[in-house]
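Below is one structure, written out as C-alpha cells, with a few remarks after it.
Numbers here simply count residues along the sequence, with the first being 1.
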Amino acid sequence: MKIIHKIDELKDVIKNINKTIGLVPTMGALHLGHASLIKKSVEQNEFTIVSIFVNPVQFGINEDFEKYPRTLKKDAKMCEELGVDIVFAPAADEMYQDTKELTLVCPPYSAINKLCGKSRPGHFDGVATVVSKLFNLSKCKRAYFGQKDAQQLFIIKKMVKDLNFDVEIIPCPIVRENDGLALSSRNSYLDESSRGKALKLSKALNYAKELWQKGIRNKQTLCDSALKILEGTMVDYIEIVNPETFEDWQENDKKALMLIAAKIPPTNTRLIDNMEL
Ligand code: PAF
C-alpha cells in the first residue's frame, strides 16, 4: 500500500493502472464504520483508494476543525490490513491554493436549507467541492458513503446526477456499537458521562420506530415522543423526511426517515443519527 500526499504523484500512479477504482472519501480517525465502506470497495473494485483529508472548507468558523482527531498512522495500518491500494492524505495547501478564491460546487438551496445545512452554513458547499475534487483526482468508478450522513449522501447523489459525474455512489449502512451508539469519529470527544447522553439519539430513534410499527403516523407525536428521550442533550433538530426526496414527510409518503442532531454536554460534541421508521 502506498501513502501519497501529493496530487501529482497520485495522478502519475493512477495514469498507469488500468483497473476499476473504488474511492472511500474520509476525514480519517477511521473506525469500524469506515472499515465497512473500505471492505465493500475492496470487494467490488480491483483497486481501492482511501482519501484521508480533514477538509477545512466544510467546517464553520466556530466548529471543530482544529481539534478534529488526526490519526494517520493508525488509519494507514487499518487500510493496509483491509487491502487498500492507496491512502491519499494531502495537506490542506496541496488541495487548496487559496480557500478564499475557490470555485465552489454549491448544492441547491432546497437541499441545504434544512437539517445540518441549516445549522452549518457553507458545510455542504465544502463537502460537494472536496468530493468533486476527489472524484476527478481518483478517477473512481464507484465511491462509498455512510448512511449516517444521510443529507450528505442525498446531496452527493444529486450532485453526481446534476453534474454528470461518471461515478456510482454506494450507500453503506450505519454501523453501531452493541448498545446502539452510531459510530462516529467525533465519539472520541465523549467521556463516560457524556457517552450515556449520546446514547439517547439511537434510543429516541428506536422508540419512534416502535411507535411507527404500532401504526402511529402523526409526525408531531413521533417527534415529541423522541424529543422526551433526548432530554439532557441540546437538540439541534429532529425531523422526519421522505428519504427519496428529503422533503418534509407527508402522511401519505410510504417511507419515512427520522433524523436527529444534538449537542452532548458538557463537551458540546455535535452528533447526528438517523433511522428509517
Ligand atoms: O463524511 C465525511 O467524512 C466527509 O464529509 C467527506 C465525505 C470525506 C468529505 O470531506
Distance, nearest 0.5 Å, that separates OG of S41 from CD of E43: 9.5 Å
Side-chain heavy atoms of H34 within contact of S185, under 4.5 Å: yes
Is a side-chain donor or acceptor of D75 paired with a backbone partner of L30 at a separation under 3.5 angstrom? yes
Check ion pair K67-D64 (N to O, under 4.0 angstrom): no
Is I272 reachable from Y189 through a run of I, L, V, M, F, W or Y residues, each pair having side-chain heavy atoms under 4.5 Å apart? no
Polar side chain donor-acceptor pair, D191 to S194, under 3.5 angstrom: yes
Salt bridge E168-R142, side-chain N to carboxylate O under 4.0 Å: yes
Determine whether more than 12 heavy atoms belonging to other residues, nucleotides or ligands lie under 6.0 Å from atom CG of N18. no
Please say whether more than 12 non-hydrogen atoms of neighbouring residues, nucleotides or ligands are located less than 6.0 Å from NZ in K263. no
Should K77 and E81 count as an ion pair when the cut-off is N to O under 4.0 Å? yes
Is the side chain of K114 donor-acceptor paired with the backbone N or O of S110 at a distance under 3.5 Å, no angle test? yes
Taking the basic N atoms (NZ, or NE/NH1/NH2) and the acidic carboxylate oxygens, is any pair closer than 4.0 Å for R195 and D179? yes
Short side-chain to backbone donor-acceptor contact, E63 and G60, under 3.5 Å: yes
I170 with L23, same ILVMFWY side-chain cluster at under 4.5 Å: no
Would a distance-only check, ignoring hydrogens and angles, find a side-chain to backbone donor-acceptor pair under 3.5 Å from N274 to Q147? yes
Would you check if L102 and T129 make a side-chain contact, meaning some heavy-atom pair closer than 4.5 Å? yes
Is it true that L82 and L183 fall in one hydrophobic cluster, defined by side-chain heavy atoms closer than 4.5 Å? no
Rounded distance (nearest 0.5 Å) linking atom CD1 of I4 with atom NZ of K11: 13.0 Å
Looking at N62, I'd like to know if its CG atom is crowded, meaning that more than 12 non-hydrogen atoms belonging to other residues, nucleotides or ligands lie closer than 6.0 Å. no
CZ of F154 to CG of L257, rounded to nearest 0.5 Å, is 11.5 Å
So, the side chain of E244 versus the backbone of K255: is there a donor-acceptor pair under 3.5 Å, distance only? no
Does any non-hydrogen side-chain atom of M159 lie less than 4.5 Å from one of I169? no
Do the non-hydrogen side-chain atoms of V54 and F59 ever get within less than 4.5 Å of each other? yes
Main chain of A29, side chain of R70: is a donor-acceptor contact present, judged purely on distance under 3.5 Å? no
Ignoring hydrogens and angles, tell me if any N or O in the side chain of D253 forms a donor-acceptor pair with the backbone of Q250 under 3.5 Å. yes
When you check the gap from the basic side-chain N to the acidic O, do D162 and K157 get nearer than 4.0 Å? no
Distance col, row T233:OG1 vs I264:CD1, nearest 0.5 angstrom, shows 5.0 Å
Any ion pair linking E94 and K6 (charged N to carboxylate O, less than 4.0 Å)? yes
Do the side chains of D85 and K2 get close enough for a salt bridge, i.e. N-O under 4.0 angstrom? no
Distance only, no hydrogens: is a donor on one side chain within 3.5 Å (strictly under) of an acceptor on the other, for Y96 and N55? yes
Is there a side-chain contact (heavy atoms from CB on, under 4.5 Å) between V24 and T26 once you walk through the steps? CA-CA 6 Å; V24 184; T26 82; 3.9 Å; yes
Taking F145's backbone N and O only, do any of them form a donor-acceptor pair with D149's side chain (distance below 3.5 Å, no angle check)? no
Counting heavy atoms not belonging to E101, are there more than 12 under 6.0 Å from its CD? no
Same cluster or not: are V84 and V13 linked, directly or through other Ile, Leu, Val, Met, Phe, Trp or Tyr residues, by side-chain heavy atoms under 4.5 angstrom apart? no
Quick one: does R120's side chain have a donor or acceptor within less than 3.5 Å of a partner on K118's backbone? no
Please answer whether the main-chain N or O of A182 pairs with a side-chain N or O of N187 as donor and acceptor at a distance below 3.5 Å. yes
Pair Q44, Y144: side-chain N/O donor-acceptor within cut-off below 3.5 Å: yes
Measure the OH-OG distance between Y237 and S119 for me, rounded to the nearest 0.5 Å. 6.5 Å
For F88 and S138, run side-chain contact (heavy atoms from CB on, under 4.5 Å): C-alpha distance rounded to whole Å, both residues' side-chain angles, the deciding distance at 0.1 Å, then the answer. CA-CA 9 Å; F88 176 53; S138 67; over 6 Å; no
Separation of N242 CG from D248 CG (nearest 0.5 Å): 10.0 Å
Give a yes or no on whether V57 and L137 share a hydrophobic cluster (residues Ile, Leu, Val, Met, Phe, Trp, Tyr; joining criterion: side-chain heavy atoms under 4.5 Å apart). yes
Would you indicate whether D166, at its atom CG, is surrounded by more than 12 heavy atoms from other residues, nucleotides or ligands within a distance under 6.0 Å? no
